[in-house]
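Working notes, beginning with the structure itself.
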Amino acid sequence: MSTDDIFVYRFEEGHARGDGSQKDLLGGKGAGLAEMARLGMPVPPGMTLTTEACRSYLEHGFFPEGLEMQVRQGIAWLEKTTGRGFGDVNNPLLLSVRSGAARSMPGMMDTVLNLGLSEDSVEGLARQSGDRRFAYDCLRRFVQMYTSVVMGVDDAVLEEVLVRHRRRAGVDDDHELGWEELFAISEAMRQKAVEVTGRDVPRGPFGQLWGAVEAVFRSWEAPRARAYRKLHQMSGGGWGTAVNIMVMVFGNLGDESASGVAFSRNPATGEARPYGEYMIATQGEDVVGGRRSPGPLGMNEEQHGGMAAMERLMPEQYAELCGYMEDLERNYHDMQDVEFCVERGKLWMLQTRAAKRTGQAAVRVALEMCEEGMIDEEEAILRVDPKLHLERALHRQIAGSPPDAIARGQAASPGAASGEIVLSSERAVERANDGESVILVRPMTAADDVEGLHAAAGVLTAQGGLTSHAAVVARGIGTPCVCGVGALRIDEDEGGIYLGETFFKEGDRITIDGGSGEVFGEALELKDPTITGELKTFLELADRYRRLEVRVNVDSGEEAELAREMGAEGVGLCRTEHMILESREAVRAMRQVLLSTDWEMREQGLEELVNYQRQEIAQILRAMDGLPVMVRLLDPPAHEFLPGTPAGRKSVAEVLGISEEAVGWRVDALRETNPMLGFRGGRLAMVYPQIYEAQVQAIVEASRQVQDEGVRTRVEIAIPMVADPGEAGHLIAVINDAVARHLYGLSREADVAVGVMVEVPRAALLAGELALEADFFSFGTNDLTQLMWGMSRDDASRFIEAYRDQGVLTEDPFEILDRAGVGLLMRQALKQGRMVYPQLAAGVCGEHAGEPNSIRFFEALNLDYVSVSPYRVASARLAAAQAFVREEQAARSGEAWRGGLAPMRRQSNGD
Ligand code: ADP
Ligand code: MG
Ligand code: MG
């Protein structure tokens, strides 16, 4: 890098780089500040140090050449604009030094306010502002932030100093402390820092500044920031944070000053009316810190006995703020979340970004902005995140009418959750790993709680409002949250919590409803969500842009009914072995088939299985009236049906009326070294064709039965785990024979297709020959991934992490389809198959079928459908529509999307 490199941009210059790289270079916060300045909004003057400077610093351990020089020039300019001097003892220029990465990581990284102040200049600030208390308040805040963020002193240690002085002064809140006490506090904090680190807080302003800039750069690598990026799949670590240095404005300068946060629309409901919180006589962090309860922005949100609204106390500034938010929405075509400050009656804008929102709000805002003409239909469809806003945010609700709530707080993030109380984030992670549903209960949360918040099914806090850390993070990840519960007291000593008078130990169960703000003292039953109202309208809009069919994977009639309500367009996979495993009777019959030594007993077991499966399949067919239903014939690793323990063998022997010894022999005979690669799928039917014949009988009889009731059936029968076209041909013939036999004598048209699962690489490679035999392909991407990578999915979690941590893999192939490898084979298989048989139908039914990135690929591949688990039907409908819209957009702009593959053109059906 040479000295000509530009590392520092003034806010006014930020937009100069109009090539779209603004956010990458200046970070989200810097780009937002530049944009607001460009739009003529009142932004305190300042500059942004680029992410490039950060990357260079992190790589070399020192600032790149030219950076300090450019910053000094910028400071000189700020001194000139404000008429103050950086470090001037009579009229000090104070700055904020803020982090800001390309993608927002709320609360993850560090900020230092009131930088430039010291014992030397605090009296100057007092004289110049005419408010001594204010000056010492700034000093206390500066020393606290600097010693924490830059010098690494533990926050708890600093907080303790504060609490001690508060207690000594006999006050509850900082704003009641006088200047002398504030000075004593900053001195005590400075002393602590000297004790802990052996260094003092620098008095010289540039010493302070370089320390803060370095700290912000380094905060990119802090463990909590890394953890956040990992959780949000912001992989790599490559892009760093920008640093924004800007002139301080003061919300803590008397009662005509305030700080606040505002949303251009309601982030919980999406209602098109500004929503926010503010506090008189504070600096920014106080509002979200949750120590005192803030007041509302608009009078409509005023609560009895609470603080008066900004609209009432500062009507002009309120109107001005609302005007800016409207301008920002119009500019960004999206809902914004802003930080602002009023200093002695003058409004300042401090930050803007696309607002985090609940699923409900995302849907409503997209629809209404589309109606308002701010965005078009395609954009509206792209605005809602399938995973974040639909999959997780199609929230569960309390079933039936709930009992009386034992406490109430703010409805911060919708959905009901019930689970055991945990008092720390570590415990939350621990218990969640044990498979428990947990409610994380905290006074309030902070950045270090991120992993706990993710692990928890619900979050409950005593302090803070809708913009508190807990609320913001919970909404961001779609976790139900109730915050600011006045009646909640956490008693660490007793290892539990009080909700009003009632005590609950850690581990006791409660239920929260983040949609109503209610807390219940027991585990209530929850029910699945339904699609109605705006969500229905929105999904119907998306459906109009969708090409891929969305089917569902079900193992029971009940699931099929639910799925159809969610919009499933058929069953793409019905796993008959799961169906059996769900019933004790059926498992017994299956054991009889596998373990009996007596032929008649086996036949009898088979008959029972047929009866059982006929009923279940009939129910699924009824639920899916008129839609395709794919039933996969048995694919069990045989051991899943066998008794594992001596006691189990004993009881099986009793039930089947054979000796324990005989059971033991059979079990031993069926034991496999590697069940995953063992006696499963079509192989089973090569040895025991009776099993598949019996299943076909069940399927045909079930469809005849429901046809008599007037139900229209479209049945597809799939053979699992085939590896060879000859094997497929043989088994398809067996099945067709059985179909014909059971339909014999009936005049009805049999709409039965017979196809294969493509999940063994060999079958995929020989797809051309396979398509000569099969009516359809169903790609089982779970097995296909396992077999192509030579990794069992259940074991992979142990080592896949290591690949991701070292950047060798950016994605887990069991989560997001491996387009380069598995995808390549799928593409070839499909091409060969359709070359031979142009009408070949093809879909995907692995875990990947419901994953948005993979769906994008399946759209490009021109598959016919994806088949997903019931709770993902709605999100898959949206993801498929988005995939289509993106493909169309790419086609319009002439750049065919390649999905991680070698160049590929979109093929029309049968190409
Ligand atoms: P965070 O990501 O935690 O919001 P910010 O860098 O946005 O961190 O700043 C923390 C707080 O300080 C915010 O409330 C912000 O509004 C406030 N703040 C930042 N810069 C200034 C400034 N120049 N004057 C007054 N307040 C500021
Ligand atoms: Mg912060
Ligand atoms: Mg901020």
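In this text, all values refer to a predicted model and were calculated from it rather than measured experimentally. Indexing begins at 1, ligand by ligand and atom by atom, following the structure's order.
The N/O atoms of Val247, backbone and side chain alike, include one that comes under 3.5 Å of an N/O atom in ligand 1. On a distance-only criterion, Thr111 and ligand 1 share at least one N/O pair closer than 3.5 Å.
No side-chain donor from either of Tyr57 and Glu52 sits under 3.5 Å from a side-chain acceptor of the other.
The side chain of Lys29, and not its backbone, has at least one atom closer than 4.0 Å to an atom of ligand 1 (non-hydrogen atoms only; side chain from C-beta on). Counting heavy atoms under 4.0 Å from ligand 1, residue Glu339 touches it through the side chain alone. Contact annotation: for Pro44 versus ligand 1, there are no heavy atoms closer than 4.0 Å. If you look at Val249 next to ligand 1, the close heavy atoms, those under 4.0 Å, come from the backbone and the side chain alike.
Using a 4.0 Å cut-off between a side-chain N of Lys or Arg and a carboxylate O of Asp or Glu, Asp174 and Arg166 qualify as a salt bridge.
Interface atoms of ligand 1 facing Gly284, defined by a heavy-atom separation under 4.0 Å, are 14 (O). Within ligand 1, the atoms closer than 4.0 Å to a non-hydrogen atom of Leu350 are 16 (O), 22 (C), 25 (C), 26 (N), 27 (C), numbered from 1 in the order shown. For ligand 1, the atoms closer than 4.0 angstrom to any heavy atom of Met246 are 23 (N).
Distance CG/Asn331 to CE/Met36: 11.0 Å, rounded to 0.5 Å. Residue Leu95 holds its CG atom at 9.0 Å from CE of Met248, rounded to the nearest 0.5 Å. Here SG of Cys138 is found 12.0 Å from CG of Leu115. Values are rounded to the nearest 0.5 Å. Leu313 contributes atom CG, which lies 12.5 Å from atom OH of Tyr318 (distance to the nearest 0.5 angstrom). The distance from the CZ atom of Arg10 to the OG1 atom of Thr48 is 12.0 Å, given to the nearest 0.5 Å.
With hydrogens and angles disregarded, no donor-acceptor distance shorter than 3.5 Å links the side chain of Arg133 to the backbone of Gly178.
Put simply, the angle at the Mg ion (ligand 3) from OE1 in Gln351 to OE2 in Glu339 is close to 100°, to the nearest 10°.
In this structure, Gln283 falls outside the shell of residues with a heavy atom less than 4.0 angstrom from ligand 1.
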